[in-house]
Amino acid sequence: MAEDKLTKRADDFSEWYNQLVLKADLADYAPVRGCMVVKPYGWALWENITAVLDKEFKATGHVNAAFPTLIPMSFFEKEKEHVEGFAPELAVVTHGGGQELEEPLVVRPTSETIIGYMYSKWVKSWRDLPILIVQWGSVLRWELRTKLFLRTAEFYWHEGHTAHAGMQEAKEEMYRILDIYERFCLEEAAIPAIKGTKSDTEKFAGAQITTSIEAMMWDKRALQSGTSHYFGQNFAKAFEIQYLDNNNTLQFCETTSWAISSRIIGALIMVHSDDQGLVLPPRLAPIQAVIVPIFKTPEEKIKVMEVAERIFKELKAAGIRIKMDDRDNVSSGFKFNDWEMRGVPVRIEVGPKDVEKESVALARRDRPGREGKSFVPQADLNLTVSGLLVEIQDSLLKRATEYRDANIHHPKDYEELKKVVQDGWAFSYWCESRECETKVKEDCKATTRNIPFDQPDEEGLCIVCGKPSKRKVYFARAY
RNA sequence: CGGGGCGUGGCGCAGUCCGGCUAGCGCGCUUGCUUUGGGAGCAAGAGGUCGGAGGUUCGAAUCCUCUCGCCCCGACCA
């Protein structure tokens, strides 16, 4: 059997990523350019992600609904910035039932327009507000350059669309959601993403304020991992979403929209995984622990399987997502590598020696090789494994946080900024002018990621032009 | 859209320059036996009109023309 090893992460990060997605069995290339097939294992991961978020949204008063995939072309033309932003990447349906359509239909790249249209029908009174709807589904953008999970033509996401009676309330909604996103990344994905406001050039097409969470990947590039937008009355005016307030005055709504997409799976890969393959945070892993029984003779098999089955039931009853690998056509060594490739946090080996000693071998995925292997008693194994899962979760977050902080630089001048953003992020004062932002982008391909909410007390001078600056911004090369 | 690479069994490739027996190899797959504590071994099998169309030729995976598609690197983007 060939070893079929993964390209080393340090040798070719991009190639490592592509191979990993395929070898970990998360996704496959589809016959249509730029599209992917999410395989059962990848979808199970996505389902764990969606389950957590769905629960959070419902707990904060949101409800789910479904809007159509096809949107009349004319809807896009109602909001000027929105159409300019999305026109280049629209897929358009021109024929149906063998006939050319009177009006072309756009395959939704995002649903503000059709939802705005529907909201205008539904909202008449201040009593109809707020509307807090989330749609789970996929959208399509004709991307020029694609990469599995990170940027595919069709991708999966939720898009929240809310309409409110007042500016304050709408802005609060935007921030509330961003908090949910931040907490999700931190507590579930073990990714320490940074909350902040996008610059004008990096804003969503049609938004007044765009906020984002930005995460650092292993190659130190930034990935926008979630966004939450405040539209003011832009879309309300474009789609005439109006209501009578309690003074009988006609008012426009304030709307928001927000999303996390399946690209978050790309983030999980690029933040945590290693040369052995995928590393998943236990809280999101489809399989949290796998049992690999080891035996030679039929007699040994009976004894080993008895213990393995007992452990399986015990851990399952304890709520651990557990898998028994009873394949008899591959060797134990193959299984070890296979489950490491798939990122299962804990592996439990049960062999004849363990049966004798009433022990098992535990291997933790976040520390590959001998270092992460230990021998523990079979008694109270559910507690041992649960504890270990928590420890792994914490350790992944700690490692990612230390890595991020070690690679955020505070350059003293512009020359140093140009240098540090080639292999890290720069956190610097910026005058918030478009000129300075563009200059950085042209000089070193780094863009402003966001202006974090967390700011130092004192003011400073723009790292580019030297003019007074109130706030610091993250500059980084981004995906 | 610019630059680069590639289309040959399921996957990865060789063969193409310089046309010639029945198109090879590795992995995977199937069956059997031996194996199983870090990617097992042996044996026997199944599986390909060489991306597509046209042309040159006695003869094309190979030469010519056209075409389709994919991947990677840039600009754009979640």
Side-chain angles (χ1 to χ4, degrees), chain A residues 1-6 12 14-15 17-19 22-23 28-35 84-90 109-110 138-159 181 198 201-205 210 212-215 222-229 257-267 276-277 292-298 300-301 304 325-341 347-355 357 359-361 363 368-370 372-373 375 441-442 445 447 477-479:
Chain A
M1 178 163 310
E3 296 207 356
D4 201 20
K5 274 193 176 156
L6 193 60
D12 186 342
S14 179
E15 185 56 28
Y17 178 91
N18 289 334
Q19 289 181 9
L22 299 177
K23 286 175 191 283
D28 201 353
Y29 292 101
V32 177
R33 193 201 140 273
C35 291
E84 281 173 7
F86 282 103
E89 50 191 50
L90 294 180
T110 178
S138 71
V139 290
L140 189 78
R141 299 178 187 178
W142 213 259
E143 295 292 346
L144 299 176
R145 226 184 110 198
T146 59
K147 200 172 176 74
L148 294 170
F149 287 114
L150 279 189
R151 177 167 296 102
T152 45
E154 184 180 18
F155 60 88
Y156 299 88
W157 73 350
H158 66 263
E159 43 180 327
Y181 289 169
K198 284 287 196 184
T201 53
E202 298 282 333
K203 267 188 338 195
F204 179 81
T210 288
S212 74
I213 48 170
E214 303 282 334
L223 185 77
Q224 180 174 305
S225 306
T227 48
S228 185
H229 317 288
S257 85
W258 26 272
I260 280 184
S261 76
S262 45
R263 99 184 310 198
I264 195 77
I265 292 175
Q276 313 301 325
V292 179
I294 298 158
F295 48 81
K296 288 194 178 102
T297 63
E300 279 178 349
K301 179 176 179 179
V304 164
D325 187 354
D326 53 7
R327 286 178 291 179
D328 57 5
N329 58 335
V330 291
S331 67
S332 306
F334 181 90
K335 291 178 183 178
F336 298 166
N337 286 289
D338 194 33
W339 293 114
E340 279 169 9
M341 185 62 77
R347 184 178 69 243
I348 303 167
E349 302 169 21
V350 185
K353 289 180 214 163
D354 300 300
V355 173
K357 295 184 200 161
S359 68
V360 298
R370 203 167 296 165
K373 221 160 168 172
F375 296 88
K441 190 172 181 180
E442 282 170 2
K445 289 179 182 167
T447 51
R477 297 182 64 174
Y479 274 99

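No hydrogens, no waters, no symmetry mates; every other heavy atom, side chains included, goes into these values. Every chain is numbered from 1 and lettered A, B, ... according to where its sequence line falls, protein lines coming before strand lines. Everything quoted here is computed from the prediction, not taken from an experiment.
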- [ ] Classify the nucleic acid contact of Ser14(A) as base, sugar-phosphate or nothing, counting any heavy atom under 4.0 Å across all strands shown.
- [x] sugar-phosphate

Task: rA46(B) versus rU35(B) - spacing of their C1' atoms, nearest Å - done: 24 Å

Open item on the list: Rounded to whole Å, how long is the line connecting atom CG of Asp328(A) with atom P of rG32(B)?
Closed with: 11 Å

Task: P-based separation of rA61(B) from rC21(B) [nearest Å] - done: 10 Å

Task: Carboxylate-amine/guanidinium proximity below 4.0 Å for Glu349(A) and Lys373(A) - done: yes

- [ ] Could you work out the separation of rC13(B) and rA23(B) based on their C1' atoms and round it to a whole Å?
- [x] 14 Å

TODO: Could you check whether Thr227(A) gets within reach of a base, just the sugar-phosphate, or nothing at all, counting any heavy atom under 4.0 Å?
DONE: nothing

Task: Inter-nucleotide P distance (rC25(B), rG15(B)), Å rounded - done: 15 Å

Open item on the list: Taking atom types as they are modelled, would you say the side chain of Asp338(A) forms a donor-acceptor pair with the base of rG39(B) within the 3.5 Å cutoff?
Closed with: no

TODO: Would you mind classifying the nucleic acid contact of Ala259(A) as base, sugar-phosphate or nothing, using non-hydrogen atoms under 4.0 angstrom?
DONE: nothing

- [ ] Report the residue (Leu144(A) or Trp157(A)) whose heavy-atom-nearest nucleotide on RNA chain B is the more 5′ of the two.
- [x] Leu144(A)

- [ ] Scan every strand shown for a Watson-Crick or G-U wobble partner of rU62(B), both distances under 3.5 Å, and answer none if you come up empty.
- [x] none

Task: Pair Phe204(A) + Phe86(A): ring centers closer than 6.0 Å - done: yes

- [ ] For atom NZ of Lys301(A), decide whether the heavy atoms of other residues, nucleotides or ligands shown that lie under 6.0 angstrom number more than 12.
- [x] no

Open item on the list: Please determine whether any donor N or O and acceptor N or O are separated by less than 3.5 Å between the side chain of Lys296(A) and the base of rG37(B).
Closed with: no

Task: Donor-acceptor side-chain pairing of Ser212(A) and Gln224(A) below 3.5 angstrom - done: no

Open item on the list: With nearest nucleotide decided by heavy atoms, which residue, Gln224(A) or Ser332(A), maps closer to the 5′ end of RNA chain B?
Closed with: Ser332(A)

Open item on the list: Suppose we define a pair by two distances each less than 3.5 Å, Watson-Crick or G-U wobble; what does rC1(B) pair with here?
Closed with: rG74(B)

Task: Nearest-Å distance for atom pair CD/P, residues Glu340(A) and rG37(B) - done: 14 Å

Open item on the list: Both distances below 3.5 Å, Watson-Crick or wobble geometry, any strand: find the nucleotide opposite rC18(B).
Closed with: none

Task: N or O in side chain of Ser331(A) less than 4.0 angstrom from rU36(B) OP1/OP2 - done: no

TODO: Give the nucleotide from the list rC72(B), rC73(B), rG37(B) with an atom nearest to the side chain of Arg145(A).
DONE: rC73(B)

- [ ] Scan Thr152(A) against the nucleic acid and name what it touches under 4.0 Å (heavy atoms): base, sugar-phosphate only, or nothing.
- [x] base

- [ ] Using Watson-Crick or G-U wobble geometry with both distances below 3.5 Å, tell me the partner of rG48(B), or none.
- [x] none

- [ ] Nearest whole angstrom, please: distance from the P of rU36(B) to the CZ of Phe334(A).
- [x] 17 Å

Open item on the list: What is the separation between atom CG on Asp325(A) and atom C1' on rU36(B), rounded to the nearest whole Å?
Closed with: 12 Å

Task: Side chain of Arg347(A) - closest among rG37(B), rG38(B), rA75(B) - done: rG38(B)

Open item on the list: Given rC71(B), rA40(B), rC76(B), identify the nucleotide with an atom nearest to the side chain of Tyr29(A).
Closed with: rC71(B)

Task: Under 3.5 Å on both distances, the Watson-Crick or G-U partner of rA40(B) - done: rU34(B)

Open item on the list: So Lys198(A), base contact, sugar-phosphate only, or nothing? Heavy-atom distance under 4.0 Å.
Closed with: nothing

Task: Whole-Å distance separating the OH atom of Tyr479(A) from the P atom of rG74(B) - done: 10 Å

Task: Nearest listed nucleotide, side chain of Asn337(A), among rC76(B), rG39(B), rA75(B) - done: rG39(B)

Open item on the list: Whether Asn18(A) contacts rC71(B) is assessed here as follows: a side-chain N or O lying under 4.0 Å from the phosphate OP1 or OP2. Is that the case?
Closed with: no

- [ ] Find the distance Leu90(A):CG to rC76(B):C1' and express it as a whole number of Å.
- [x] 14 Å

Task: Between rG10(B) and rG55(B) - C1' atom distance, rounded Å - done: 33 Å

Open item on the list: Between Lys301(A) and rU35(B), is there a contact of a side-chain N or O with OP1 or OP2 at under 4.0 Å?
Closed with: no

TODO: Please work out if Leu150(A) contacts a base, only the sugar-phosphate, or nothing of the nucleic acid, heavy-atom cut-off 4.0 Å.
DONE: base

- [ ] Please measure how far the C1' atom in rA53(B) lies from the corresponding atom in rC71(B), and state the result in whole Å.
- [x] 24 Å

TODO: Check the side chains of Ser359(A) and Lys353(A) for a donor-acceptor pair under 3.5 angstrom, ignoring hydrogens and angles.
DONE: no

Task: Note: Asp338(A)-Arg347(A) ion pair, threshold 4.0 Å (strictly below) - done: no

TODO: Rounded to whole angstrom, note down the P distance from rG7(B) over to rA43(B).
DONE: 31 Å

Task: Touch class at under 4.0 angstrom, heavy-atom based, for Pro88(A) against every strand present - done: nothing

- [ ] Return the value, rounded to whole Å, for the distance between atom NZ of Lys353(A) and atom P of rG38(B).
- [x] 9 Å

Task: Test item: Leu140(A) and Phe155(A) side chains (from C-beta on) under 4.5 Å apart, heavy atoms - done: no

Task: Distance, C1' atom - from rG5(B) to rC63(B), rounded to whole angstrom - done: 22 Å

Open item on the list: Parallel, tilted or perpendicular: which one describes the rings of Trp258(A) and Tyr181(A), with boundaries at 30° and 60°?
Closed with: perpendicular

Task: base_contact_polar (rG38(B) base, Arg370(A) side chain, donor-acceptor, <3.5 Å) - done: no

- [ ] Could you check how far CG of Asp28(A) sits from C1' of rG10(B), rounded to whole Å?
- [x] 11 Å

Open item on the list: Students often get this wrong, so: under 4.0 angstrom with heavy atoms, is Phe204(A) touching a base, only sugar-phosphate, or nothing?
Closed with: nothing

Open item on the list: Assess the residue pair Lys198(A) and Thr227(A) against the criterion (side-chain hydrogen bond (donor to acceptor under 3.5 Å, both in side chains)); give the C-alpha distance rounded to whole Å, side-chain angles, the decisive distance to 0.1 Å, and a yes or no.
Closed with: CA-CA 9 Å; Lys198(A) 284 287 196 184; Thr227(A) 48; over 6 Å; no

